[in-house]
Amino acid sequence: MVSKLELQHNDNFLNTTVTTMIDGEKTFNNSYVIEMISVRDLKEIRCFVTYSVLALNGNIQNKLFSRSFDLCQFFRRPNMDRLMKLFYDYLMATSTMPSVCPVPKGFRAQLNVVLTKIPIPGFFPESDFLVDVNLYTGLRQVPMLESRWIGRIQKIN
């Protein structure tokens, strides 16, 4: 369940919108449609992903997972990181997103994120979490997209 989603984009690279689809009273099953349109050709894309467990007061308690990788290289060889491939395969099956670089100007990516459908590794504990997914470009690592997902993982019977 996501309780807060923050998303910022750099207008020089992307136009981004987020739509929350609420499934009645089942807040645990909300889904998010993130639409991104590239404003220019995107050649060098670096992705940073972190997953942290939050303490009861909302402070970061432990960073369980952190990855930094070249997204264009990952598109060519998704098996280079098995954990990221787990999420990538889910997104490729449910979304419209690029699979090669450079991403052409005007490309419309639509990420469909249904929280109850995302494959979650067993070592992620039932707890409050913070996930940062950020995209950067160029040698100076200029931010293109910064997202922060705050919520709780819990088993649903």
Side-chain angles (χ1 to χ4, degrees), residues 1-10 13-53 64-137 143-157:
M1 174 170 81
V2 170
S3 57
K4 185 175 184 182
L5 169 60
E6 299 171 357
L7 191 93
Q8 294 180 342
H9 67 269
N10 184 332
F13 300 98
L14 296 170
N15 287 327
T16 307
T17 59
V18 178
T19 306
T20 304
M21 312 297 255
I22 299 172
D23 186 14
E25 294 182 19
K26 301 176 186 174
T27 57
F28 65 85
N29 201 32
N30 289 350
S31 60
Y32 301 87
V33 177
I34 302 168
E35 187 172 80
M36 297 178 282
I37 301 170
S38 58
V39 176
R40 61 170 66 169
D41 288 349
L42 304 175
K43 297 176 184 171
E44 298 175 11
I45 307 170
R46 190 122 191 104
C47 185
F48 293 95
V49 179
T50 61
Y51 177 89
S52 304
V53 173
L64 294 182
F65 170 79
S66 182
R67 290 287 195 280
S68 169
F69 57 95
D70 182 319
L71 196 57
C72 294
Q73 196 173 43
F74 183 80
F75 286 156
R76 287 190 298 273
R77 295 180 314 144
N79 290 328
M80 65 191 263
D81 188 319
R82 288 185 1 203
L83 187 56
M84 293 311 302
K85 185 175 183 325
L86 185 72
F87 300 116
Y88 176 74
D89 287 345
Y90 164 77
L91 287 173
M92 288 302 287
T94 62
S95 306
T96 304
M97 56 184 272
S99 58
V100 296
C101 282
V103 176
K105 177 181 179 179
F107 186 87
R108 182 182 301 265
Q110 183 172 321
L111 306 180
N112 299 311
V113 180
V114 180
L115 300 175
T116 55
K117 306 280 186 201
I118 296 175
I120 303 205
F123 67 86
F124 284 13
E126 277 191 68
S127 64
D128 292 333
F129 68 84
L130 166 69
V131 174
D132 287 317
V133 180
N134 302 321
L135 300 177
Y136 298 91
T137 188
M144 289 193 305
L145 178 76
E146 296 178 325
S147 67
R148 175 165 277 192
W149 304 70
I150 299 169
R152 177 163 186 75
I153 290 180
Q154 60 190 44
K155 290 183 183 176
I156 301 172
N157 296 326

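The number of heavy-atom neighbours closer than 6.0 Å to CD of Gln8, taken from other residues, nucleotides and ligands shown, is 12 or below. Counted within 6.0 Å of CE on Met21, heavy atoms from surrounding residues, nucleotides or ligands total 12 or fewer; the atom is thus considered open.
The shortest side-chain heavy-atom distance between Leu42 and Thr137 does not fall under the 4.5 Å cut-off. Side-chain contact between Arg46 and Ser68 is present, with heavy atoms from C-beta onward closer than 4.5 Å. Between Thr94 and Val114 there is no side-chain heavy-atom pair separated by less than 4.5 Å. Here the side chains of Met144 and Ile45 are in contact, with some heavy-atom distance below 4.5 Å. A 4.5 Å side-chain heavy-atom check between Phe87 and Pro121 finds at least one atom pair inside the cut-off.
For Leu14 against Ser38, the heavy-atom pair with the smallest separation is CD2-CA, 3.9 Å. Contact record, Glu126 with Gln154: OE1-CA, 3.4 Å, taken as the closest heavy-atom pair. Across every non-hydrogen atom of Ser127 and Val53, the tightest pair is OG-CG1, 3.6 Å. Listed here is the closest heavy atom pair of Pro98 and Met92: O-SD, 4.4 Å. Nearest heavy atoms, Leu7 versus Ser147: CD1-CB, 3.4 Å. Nearest approach of Phe75 to Ser99, heavy atoms of both residues: CB-O, 3.1 Å.
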Exercise for review: Run the numbers on Ile120 and Phe129 for side chain to side chain contact (heavy atoms under 4.5 Å, CB included), then give the verdict.
Suggested key: CA-CA 13 Å; Ile120 303 205; Phe129 68 84; over 6 Å; no
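Proximity of a side-chain donor or acceptor of Asn15 to a complementary backbone N or O of Met36 within less than 3.5 Å is not detected. Panel note: side chain Ser95, backbone Asn112; a donor-acceptor pair is recorded below 3.5 Å.
Distance check, rounded to the nearest 0.5 Å: CE of Met84 to CZ of Phe74 gives 6.0 Å. Atom CG of Asp81 is separated from atom CD of Gln73 by 11.5 Å, given to the nearest 0.5 angstrom. Rounding to the nearest 0.5 angstrom, the gap separating the CG atom in Leu145 from the CG atom in Asn134 is 7.0 Å. Between Leu130 atom CG and Thr50 atom OG1 the span is 6.0 Å, to the nearest 0.5 Å. Arg82 contributes atom CZ, which lies 11.0 Å from atom NZ of Lys85 (distance to the nearest 0.5 angstrom). Remark: Tyr51 OH to Asp132 CG distance equals 12.5 Å, nearest 0.5 Å.
Arg152 and Ser3 are not linked by any side-chain donor-acceptor pair at a separation below 3.5 angstrom, with hydrogens and angles left out of the test.
With respect to Lys105 and Asp41, no salt bridge is recorded, no charged nitrogen being found less than 4.0 Å from a carboxylate O.
Taking the six-membered ring where tryptophan is involved, the planes of Trp149 and Tyr32 are perpendicular, since the angle between them exceeds 60° and thus also 30°. Ring geometry for Tyr136 against Phe48 counts as perpendicular: the plane angle is over 60°, on a 0 to 90° scale with 30° as the lower cut.
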